[in-house]
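For reference, the structure discussed in these notes is given below.
This is a predicted model, so every value here is computed, not measured. All chains are named by letter (A, B, ...) in the order of the sequence lines, taking the proteins before the strands, and each is independently numbered beginning at 1.
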Amino acid sequence: MRRGMVIDLEKCIGCRSCAVACKQHNAQPAGSWWNRVVTPGSDRHLTASTPQNLYFLPIHCQHCNNAPCVKVCPVGATYQTDDGTVLIDFERCIGCRYCMAACPYGVRQFNWESSKDGMQRYEYQNNYTYGYPEPFRLDNRLVYSPVRSKGVVEKCHFCAHYQAQGLDPACVRACPGKARHVGDLDDPDSRVSQMIRQMNGFTLLPEKGTRPNVYYLPPKRKEV
Amino acid sequence: MGVSKKISLTVFGLIMAAGALMWLIQLWRGLILTDMNNAYSWGLYVSALAFFVGNAAGGLVLSSMIYLFGVTALKPFARIGALCAFANVAAAMLIVLPDLGRPFRVLNLLLHPQIMSPLVWDVIVLNLYAGLSLIYLYLLMLPDLAARTGILKKITLPVKDPAGFSDTWARRLAPFSLVAAVGIHVVTAWIFATQGARGWWHTAVMAPDFVAAALASGTAVVMLVAVLCYGTADKFQSAFRIMAIFIATAFFIHIFLMYNDFVIHAWYGTDHARETLAITLQEYGLAHAFEVLAPLAGVVLLLNARVRKTMSGIMAGCLLIIAGIFIHRILLMPAAFNQMPLTLAPLGSQHTLWSVPIASGRYAPPAETFVSHHSYFPTLVEILIFAGVLSFVCALILVAVHQLPVVKEG
Ligand code: SF4
Ligand code: SF4
Ligand code: SF4
């Protein structure tokens, strides 16, 4: 079993629901975004890079098979599970940020201050809370916690807490464009494997040799 | 202790106290007090790690020149070499702590070390080298320790011929210290050079260049301390000459390796290489000019026999070299972090290269949420913490020179 994701850029409407669902469900501290949706080529969001050409690219941790973040982590806080998911043990991380320098995709987020201070800086109204309320441990390692302490790195964990309940990741469930799919990349007959085969699935930065488990399907030309 | 020494020690103490205070505040508030962000995640602290590691090279130069290559003229400075090596390695390990988000978990390095991580290798070799430098210093001081009183006398090994014993063992240990010393530079360079994500670092030339730059600045550190301790009397002139030639050679090899790398990357001209070179040579053009011209001026000064006869001349030369290499270490970061690893040619406009921005992770009303460029400049907190560690090096050397038989009288 190798857990993978396919994002169909033809289907993506650029609504950024996935980024918001991810942020809310995972109680991400103010300023942190595990998942971002960019408009390649544009200066600002949602402006076309050239006339006649507009598409959207959601980016989060690519759950690389040859993950540099796992290899650099001096204490094994970042590690890979048997199904290829790359997780961070919040209780083990020493906050050296070596993994942030190592990741080619810029998906790792550091807690520069406490969640509380960040919320105040953002002027969230008092007592506003969001996110899955329970801490989640996998093999006794804390890979999700609703309140984040300062000084550790975090990123997409493929919604390990939901997968333990048999649910798809928040971004997949929230996508109104039906652009996101998860499944087993080791099984040639799985939906994701078929999509990658039949619709020219590609990965980001193949030249870096990271062998991601997140695949993209190319968009057709879009008119604006 | 003279008045000027007392004043210097007080100043160093005050700066150290200020640095410690800043670290306490940073522990309390978090690394938000630095100017780093998610896209630019290493700054002054990690540059300083590379700087201090490089400065520790002097001990190796002295011990191997004297005991492996028989350059006896340098012998009076051997103890200073070992002392400077220890002080700088200690500083290198110290400056990592404020960079950690969770410094109190540093024990995890012992409990769960991951052998694939170059950072673990670095911790191992730095500790090894620190230990070796201390042993070396002790061995070299042994002949004079017995004459002292109190604790120094107590820790003296009861050997029949301390001078001979010290000499024999210093010679036996020299090859190991050479390996450990080259090791700290190579492994520290590997922390960066192994990272395929960062084009600026990912080059085979980094480790040899790191060694060359370290040999220049490390020897300059020893020369600086030596001239402060011994002055410029005639009997030391041949030692100063040898060190000056050594520094000059190391510096020119460093310059050669650096520009050699620039030329081959610039010639082939991938977009990434052009971008990193533009950051270093244009955006940070002044800093780059300094990292080359200041040590060059220093080398020109030191190579002049008349200059080497004056205290101020040698000091100026050494300081210029050390400062230039410091800026070289600072320039490790901008081109590594301001060239986004994830750049792509948007479908339909293949001729453009577009950097995918990263959530900065820090909120400021006028600032962008997602950034692809950051003009990093260390905050007062970062600068004071660095200054504190630098003062620690100076104070440690000053106190050791005063309390221990590091400098031979007469
Ligand atoms: S995308 Fe980055 S954080 Fe995710 S596995 Fe790959 S290197 Fe690690
Ligand atoms: S910041 Fe944490 S997860 Fe990243 S390399 Fe350091 S210890 Fe590992
Ligand atoms: S939620 Fe779906 S359609 Fe909306 S931006 Fe994300 S992937 Fe695209």
Do we see a donor-acceptor contact under 3.5 Å between the side chains of A/Ser149 and B/Arg102?
-> yes
Residues B/Trp354 and A/Ser42: closest non-hydrogen pair is NE1-O, 3.1 Å
Nearest 0.5 Å please: distance from the CZ atom of A/Arg97 over to the OH atom of B/Tyr45.
-> 9.0 Å
Shortest non-hydrogen contact from A/Ala101 toward B/Ser41 | N-OG, 4.1 Å
Would a 4.5 Å heavy-atom cut-off, applied to side chains only, mark B/Leu119 and A/Cys96 as touching?
-> yes
Starting at CG of A/Leu205, measure out to CG of B/Leu342 and round the result to the nearest 0.5 Å.
-> 5.0 Å
Whether over 12 other heavy atoms sit under 6.0 Å from A/Tyr128 OH = yes
Enter the distance from B/Leu100:CG to A/Cys93:SG here, rounded to the nearest 0.5 Å.
-> 9.0 Å
So, the part of B/Trp201 with a heavy atom under 4.5 Å from chain A: the answer is side chain
Residue selection (most heavy-atom pairs with chain A, distance under 4.5 Å) from B/Ile191, B/Val96, B/Val120 | B/Ile191
For chain B, which residues from residues 20-34 of chain A have at least one heavy atom closer than 4.5 Å to it?
-> A/Ala30, A/Gly31, A/Trp33
Given B/Leu33 and A/Glu113, is the side chain to side chain contact (heavy atoms under 4.5 Å, CB included) satisfied, shown in steps?
-> CA-CA 9 Å; B/Leu33 297 183; A/Glu113 60 189 332; over 6 Å; no
For atom CZ of B/Phe104, decide whether the heavy atoms of other residues, nucleotides or ligands shown that lie under 6.0 angstrom number more than 12.
-> no
Do B/Val123 and A/Pro74 come close enough that some side-chain heavy atom pair is under 4.5 Å?
-> no
CD1 of B/Ile115: more than 12 outside heavy atoms within 6.0 angstrom?
-> no
Side chain, backbone, both or neither: which part of B/Phe337 has an atom under 4.5 Å from a heavy atom of chain A?
-> side chain
Evaluate the criterion side chain to side chain contact (heavy atoms under 4.5 Å, CB included) for residue pair B/Thr194 and A/Lys71; output intermediate values, then yes/no.
-> CA-CA 10 Å; B/Thr194 48; A/Lys71 288 198 286 186; over 6 Å; no
Flag the one option from B/Arg105, B/Arg29, B/His202, B/Met36 with the top tally of heavy-atom pairs under 4.5 Å to chain A.
-> B/Arg105
Which bit of A/Cys73 comes within less than 4.5 Å of chain B, counting heavy atoms only: side chain, backbone, both or neither?
-> backbone
Heaviest contributor of heavy-atom pairs below 4.5 Å to chain A, chosen from B/Gly30, B/Pro341, B/Pro118, B/Pro103, is B/Pro341
Interface check, chain B: of A/Ala77, A/Gly118, A/Gly106, most non-hydrogen pairs under 4.5 Å belong to A/Gly106
With a 4.5 angstrom heavy-atom cut-off, could you sort out which part of B/Leu97 is near chain A: side chain, backbone, both or neither?
-> neither
State, to 0.1 Å, how close A/Ala102 and B/Gln195 come at their nearest heavy-atom pair, and which atoms those are.
-> CB-OE1, 3.1 Å
Check whether any side-chain heavy atom of A/Val75 lies under 4.5 Å from a side-chain heavy atom of B/Leu111, and answer yes or no.
-> no
Using a cut-off of 6.0 Å, state whether more than 12 heavy atoms not belonging to A/Glu207 lie near its atom CD.
-> yes
Would you give the length of the straight line joining atom CG of B/Asn37 to atom CZ of A/Phe110, rounded to the nearest 0.5 angstrom?
-> 12.0 Å
Take A/Val72 and B/Gln114 through the side chain to side chain contact (heavy atoms under 4.5 Å, CB included) test and state the conclusion after the steps.
-> CA-CA 8 Å; A/Val72 297; B/Gln114 294 302 303; over 6 Å; no
Contact class of A/Lys208 relative to chain B, heavy atoms under 4.5 angstrom = side chain
With a 4.5 angstrom heavy-atom cut-off, could you sort out which part of B/Thr34 is near chain A: side chain, backbone, both or neither?
-> side chain
Does the A/Arg36 side chain pair with the main chain of B/Pro357, one donor and one acceptor, at a distance under 3.5 Å?
-> yes
What is the distance from atom CD1 of B/Ile32 to atom NZ of A/Lys150, rounded to the nearest 0.5 Å?
-> 11.5 Å
Under a 4.5 Å heavy-atom cutoff, which of B/Ser360, B/Ala364, B/Ala336, B/Ala359 has the most pairs with chain A?
-> B/Ala359
How long is the span from the CD atom in A/Gln109 to the CG atom in B/Asn38, to the nearest 0.5 Å?
-> 4.5 Å
Side chain, backbone, both or neither of A/Ile94 within contact of chain B (heavy atoms, under 4.5 Å) = both
